[in-house]
S.K.: 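Have a look at this one.
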Amino acid sequence: MRLSICRTARSLSVYHRTMATQAEAGAKVINGTALAKSIREAAANRIKNFQAKYPRFQPTLAIVQAGERPDSSTYVRMKAKAAEEIGIKFKHVLVAAETSADKIVGIVGKLNDDAQVSGILVQLPLGEHVTPEDERRVTEAVSPEKDVDGFHAYNIGHLSSRASDPLFAPCTPSAVIRLLESTGVPIAGSTAVVLGRSDIVGSPVASMLRHRDATVTQCHSRTQNIEAIIGSADILVAAIGKAEFVKGSWLKPGAVVIDVGINYVPDATKKSGQRLVGDVEYSSASQVASYITPVPGGVGPMTVAMLMENTLDSAERLWNKSRELKVKPLPLDILENVPSDLEIARAQTPKPITQLAHEIGLLPDELESYGKYKAKVDLSVLDRLAHRKDGKYIVISGITPTPLGEGKSTTTIGLAQALGAELGRPAFACVRQPSQGPTFGIKGGAAGGGYSQVIPMDEALFSRLVPTKKGKREFAPLMLKRLQKLGINKTDPNELTPEEITRFARLDVDLDTITWNRVMDTNDRFLRKITIGRNSTEQGHERETGFDIAVASECMAVLALTTGLEDMQARLGAMVVATSKQGDPITADDIGVSGALAVLMKDAIKPNLMQTLQGTPVFVHAGPFANIAHGNSSILADKVALKLAGTEEGDPSDRVGYVLTEGGFGADMGMEKFCNIKCRVSGLTPDATVIVATTRALKMHGGGPDVTPGKPLSEVYTSEDLTTLKEGCKNLVKHIQNSKKFGIKVIVAVNQFASDTAAELELVRQEALAGGADAAVVSNHWAEGGAGARALAEAVIATCEGESNFKFLYDLDLSIEEKITAISKEIYGADGIELSPLAQKQVDTYTRQGYGNLPICMAKTQYSFSHDAKLKGVPTGKLSFSHENSPSLTCWI
């Protein structure tokens with residue numbers, strides 16, 4: 001070691017003697033302008049190369065400026081020009097000179113959260129009203145990750161430490177080092193003197209020189225014998241702000257001089273009456289030094305170049321960091337004897353929802369927390385990620401179930417955990433919100449009437465609906481919508497004829513046609529049919545009606561199918577609540593409540609973010625029943641998940657994520673409506689379906705005894721019975737064949753129960769493959785979590801390679817009866833359909849009302865392909881429609 005130090009010292013001595021000799025011929029000028037140009041060109045090439053691979057990559061520099069001081073504005077323009085020349089987008093945030101520090105901190109905070117901004121610079125000074133403490137508070141508000149000026153305490157602190165490196169070094173000190181390095185003069189072992197101790201230049205430069213193994217002396221206004229100290233320097237960095245303070249006679253011959261000073265001195269020869277000089281007297285110093293920077297043309301242009309390089313470094317780092325985001329799985333403590341659901345849930349500690357949101361790429365402004373572990377997601381994320389290609393879209397369906405359910409939701413979550421926690425792929429589950437019902441149930445115009453009324457009654461009501469205000473009558477926008485619907489092309493209330501007033505003001509509801517029931521979210525079967533209006537205050541408006549469960553409400557179906565707030569209000573307004581005595585549909589718009597409904601549901605439209613036991617993301621949103629409505633979670637939740645799981649242009653295929661959305665009941669119910677209704681509205685294209693099957697349900701379809709909640713299972717279901725099981729597999733094969741009619745891949749997930757034998761599980765798998773499934777896998781996620789569904793996840797990934805060949809089952813131009821026939825024959829296996837007189841009347845009414853070109857939402861039993869829950873397996877014959885058609889036709893508009 002000692003020998004090495006001696007050799008280094010000798011070589012430095014020889015080097016400095018050479019520099020002293022060279023200095024006799026005059027110093028070489030370190031051309032900062034030329035070096036800065038080469039750095040900017042290199043940065044421009046880096047940007048072009050990066051954008052060639054990732055076209056959406058765009059570095060952006062944001063500068064916050066308070067007031068319009070001439071010097072500050074000049075600096076900002078200079079930085080803006082440099083940025084735009086090399087392909088960095090420039091964002092200038094100009095605020096009033098008197099803007100408070102608190103407000104600027106708020107502006108900086110928004111820039112921190114803006115994923116499009118790569119670097120943030122606060123142009124100082126901020127004004128005399130801003131104290132040094134507040135100024136520091138503003139600069140500290142800039143995220144260290146975007147602190148391209150390098151002034152944040154985090155970066156300054158790491159710069160001063162030998163044990164760590166800052167994310168960014170301050171631009172001017174970095175320029176000093178780069179200028180020194182351009183000379184080829186060795187820094188290690190040299191004696192360096194730094195004049196100045198500011199946080200902006202002096203102290204950072206001293207730290208950077210020490211990091212490069214120079215012996216550094218830092219001088220300031222109270223340093224004694226400063227000339228002698230300067231005379232010992234191999235490297236001098238002057239940054240004290242005193243014009244031509246350092247004289248050439250003070251310098252050690254051959255020293256390298258970096259002049260950071262910017263000072264103006266009087267000069268009558270200049271048009272401005274002054275000229276720019278540094279802290280070093282250039283005329284005398286250039287005769288003694290070996291290298292020297294000019295002022296201007298030295299450190300100045302290099303400082304701007306380093307700012308550009310820092311901004312580009314930040315943009316690349318943030319881009320790569322956003323692509324490295326991964327969900328950090330929560331560990332599962334799996335016990336051999338599986339505890340109750342409640343015990344398992346209580347044993348797991350979920351991660352904060354803000355952490356999960358960050359892991360999946362949501363921004364803070366896109367999250368509305370409801371407590372610590374759940375949040376709503378703002379729909380603005382769809383605009384931010386609109387450019388992304390969607391992830392893989394998979395609907396989870398099932399065979400015709402028993403009343404106990406076959407674990408479709410369990411499979412959805414288990415598969416999501418396997419994809420996300422076990423295989424490390426982006427994976428989102430999208431499920432419906434559970435209803436309290438199944439959970440607890442286990443599975444007049446104020447104008448008088450009669451001889452005491454205002455006459456003409458319609459005109460009195462019209463006057464109340466469209467009152468005169470300040471001598472003028474005007475229709476509200478919703479009223480104009482009703483007029484348009486009625487074919488009345490008038491906008492002045494005074495121009496309506498008496499007949500038109502009557503049609504506008506009187507809904508003339510046929511009480512026997514009201515389809516709108518009250519709803520609640522707890523089942524009470526005694527409320528399904530009630531009589532209302534019996535109180536004397538109701539003036540004899542007595543009729544039969546009933547309560548529905550909330551998830552059977554048309555509002556719930558609309559929520560699940562909406563694509564935005566305006567779309568939701570339009571759909572709510574189009575809901576038919578009754579028919580007039582003339583046979584015209586009466587909508588929520590007609591009774592003037594669509595706006596109020598939209599306001600009540602303005603927050604409900606935002607998907608709810610939650611998590612699985614293993615910490616992977618789940619969107620829980622909307623909950624329409626599949627045997628009544630379309631039975632799928634919301635389009636918006638699916639769309640948000642597909643974008644978060646999506647890929648950027650240039651991404652390899654192995655970066656794609658997976659969205660698992662659940663369709664209610666069997667594939668003949670939820671999946672059929674998912675394809676024919678939900679996908680028509682959303683425009684989304686599914687890649688595959690996972691059909692969940694159990695030996696229990698298949699044995700039931702093979703002739704096994706009834707399965708009844710609360711009663712012990714027959715021995716058929718708890719012991720091996722390959723004969724019954726194989727017969728029941730016909731039901732599974734029919735579901736596979738149905739799914740193939742939509743042009744999508746089919747993966748069968750055999751949900752393993754504790755009593756299943758290896759032979760039974762293998763039989764189901766083989767029958768599924770023989771029936772046309774693209775893959776069939778046994779999955780034990782109930783007992784093992786994501787690990788138990790790993791093979792299923794691998795099958796999903798392999799099967800979903802390539803593009804989807806999705807297609808609809810029927811054309812919308814077909815008549816209602818033809819569409820019902822298509823579903824009945826192709827999906828249910830019926831030979832034909834049979835409409836009761838009431839059902840035929842409704843079909844005729846809906847056709848006459850203009851709803852014939854809509855998709856069909858079939859309401860039927862979930863326990864059979866047919867209309868009869870008792871018919872198991874794959875029944876055939878005519879399908880009977882003896883009950884009312886779904887009253888929710890208009891929610892598919």
Side-chain angles (χ1 to χ4, degrees), residues 395 397-401 557 624-632 663-680 689 691 697 701 730-744 746 771-772 806-847 851-892:
V395 58
S397 58
I399 61 172
T400 307
F625 277 173
N627 58 343
I628 300 172
H630 57 84
N632 283 267
F665 297 121
D668 60 318
M669 304 285 285
M671 195 209 70
E672 181 272 315
K673 294 171 184 177
F674 168 84
C675 294
N676 282 324
I677 297 175
K678 186 176 179 181
C679 289
R680 284 187 199 269
T689 183
I691 298 178
H701 289 294
K730 293 177 181 178
N731 182 274
L732 170 59
V733 170
K734 174 61 176 170
H735 283 290
I736 295 170
Q737 293 169 347
N738 286 349
S739 302
K740 288 286 187 176
K741 291 174 182 177
F742 293 98
I744 56 179
V746 178
F806 173 71
K807 59 186 177 182
F808 297 117
L809 185 68
Y810 55 78
D811 194 294
L812 290 181
D813 291 334
L814 296 176
S815 68
I816 292 177
E817 192 167 343
E818 288 173 319
K819 284 180 278 197
I820 292 174
T821 300
I823 296 171
S824 300
K825 286 186 173 182
E826 297 295 330
I827 302 300
Y828 306 149
D831 296 333
I833 67 169
E834 196 173 84
L835 297 178
S836 70
L838 177 58
Q840 184 65 61
K841 180 182 177 182
Q842 288 186 312
V843 167
D844 294 341
T845 298
Y846 294 142
T847 301
Y851 300 131
N853 63 340
L854 300 177
I856 298 298
C857 184
M858 302 283 271
K860 76 170 190 69
T861 178
Q862 65 269 32
Y863 297 126
S864 172
F865 274 119
S866 75
H867 59 283
D868 186 348
K870 296 177 181 179
L871 299 178
K872 306 301 182 184
V874 188
T876 58
K878 283 192 175 181
L879 192 61
S880 174
F881 290 84
S882 57
H883 300 292
E884 296 181 10
N885 288 332
S886 168
S888 304
L889 280 169
T890 54
C891 72
W892 321 139

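Only this structure's heavy atoms are used, side chains among them; waters, hydrogens and symmetry mates stay out.
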S.K.: State the OH-SG distance between Y810 and C675, to the nearest 0.5 angstrom.
M.R.: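 If we round to the nearest 0.5 Å, Y810:OH and C675:SG are 10.5 Å apart.
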S.K.: Should N676 and I856 be marked as a side chain to side chain contact (heavy atoms under 4.5 Å, CB included) after you check the CA-CA gap, both sets of side-chain angles, and the distance that decides it?
M.R.: CA-CA 8 Å; N676 282 324; I856 298 298; over 6 Å; no
S.K.: Can you give me the closest heavy-atom contact between S866 and T861, atom names plus distance?
M.R.: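 Where S866 meets T861 most closely, the heavy atoms are O-CG2, 3.4 Å.
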S.K.: Are side-chain heavy atoms of K678 and V395 found at a separation under 4.5 Å?
M.R.: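 Result no, sub-4.5 Å side-chain heavy-atom pair not found.
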S.K.: Name all residues meeting the ring-ring contact (aromatic ring centres under 6.0 Å, His included) criterion together with F808; count only those two or more places apart in sequence or in a different chain, and write none if there are none.
M.R.: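 F806.
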S.K.: As an exercise, state the distance from CG of L871 to NE2 of H701, rounded to the nearest 0.5 Å.
M.R.: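 Nearest 0.5 Å value for the CG-NE2 distance: 11.5 Å.
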S.K.: State the SG-CZ distance between C679 and F674, to the nearest 0.5 angstrom.
M.R.: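 One gets 3.5 Å once the value is rounded to the nearest 0.5 Å.
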S.K.: R680 and P855: which non-hydrogen atoms are nearest, and at how many Å?
M.R.: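 Scanning both residues, the minimum pair turns out to be CD-CG, 3.8 Å.
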S.K.: With heavy-atom distances below 4.5 Å as the criterion, would you say the side chains of I833 and Y828 are in contact?
M.R.: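 I833 vs Y828: side chains apart.
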S.K.: What's the spacing between M858 CE and I823 CD1 if we round to 0.5 Å?
M.R.: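 Separation between the atoms: 5.0 Å.
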S.K.: Between A697 and I399, what is the shortest heavy-atom contact and its length?
M.R.: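 Nearest pair, atom of A697 first, then I399: CB-CD1, 3.5 Å.
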S.K.: Just wondering, do V746 and K740 contact through their side chains at under 4.5 Å, heavy atoms?
M.R.: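 K740 vs V746: side chains touch.
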S.K.: Going by atom types only, do S739 and T689 share a side-chain donor-acceptor pair under 3.5 Å?
M.R.: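 No.
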S.K.: If you measure from CG on L835 to CD1 on I816, what distance do you get to the nearest 0.5 Å?
M.R.: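 Result: 10.5 Å between the selected atoms.
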S.K.: Please report the shortest heavy-atom distance between P401 and Y863, naming the atom on each side.
M.R.: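 It is O-CD2, 3.4 Å.
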S.K.: Which pair of non-hydrogen atoms, one from A667 and one from H735, has the smallest distance, and what is that distance?
M.R.: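 Residues A667 and H735, closest heavy atoms: CB-ND1, 3.5 Å.
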S.K.: Considering non-hydrogen atoms only, spot the tightest contact between I736 and G771 and give its length.
M.R.: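 For I736 versus G771, the nearest heavy atoms are CG2-O, 3.5 Å.
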S.K.: For residues 808-826, pull every pair meeting salt bridge (Lys or Arg N to Asp or Glu O under 4.0 Å), keeping only residues two or more places apart or in separate chains.
M.R.: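 Applying salt bridge (Lys or Arg N to Asp or Glu O under 4.0 Å) to every pair that reaches into residues 808-826, excluding sequence neighbours, yields K741-E826.
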S.K.: For atom NZ of K730, decide whether the heavy atoms of other residues, nucleotides or ligands shown that lie under 6.0 angstrom number more than 12.
M.R.: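 Result for NZ/K730: open.
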S.K.: To the nearest 0.5 Å, how far apart are OG1 in T400 and CG in N731?
M.R.: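 Atom-to-atom, T400:OG1 and N731:CG are 4.0 Å apart.
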S.K.: Using the salt bridge (charged side-chain N to carboxylate O under 4.0 Å, His left out) rule, pick out the option among K673, K860, K734 that qualifies with D668.
M.R.: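 Of the listed residues K673, K860, K734, the salt bridge (charged side-chain N to carboxylate O under 4.0 Å, His left out) partner of D668 is K860.
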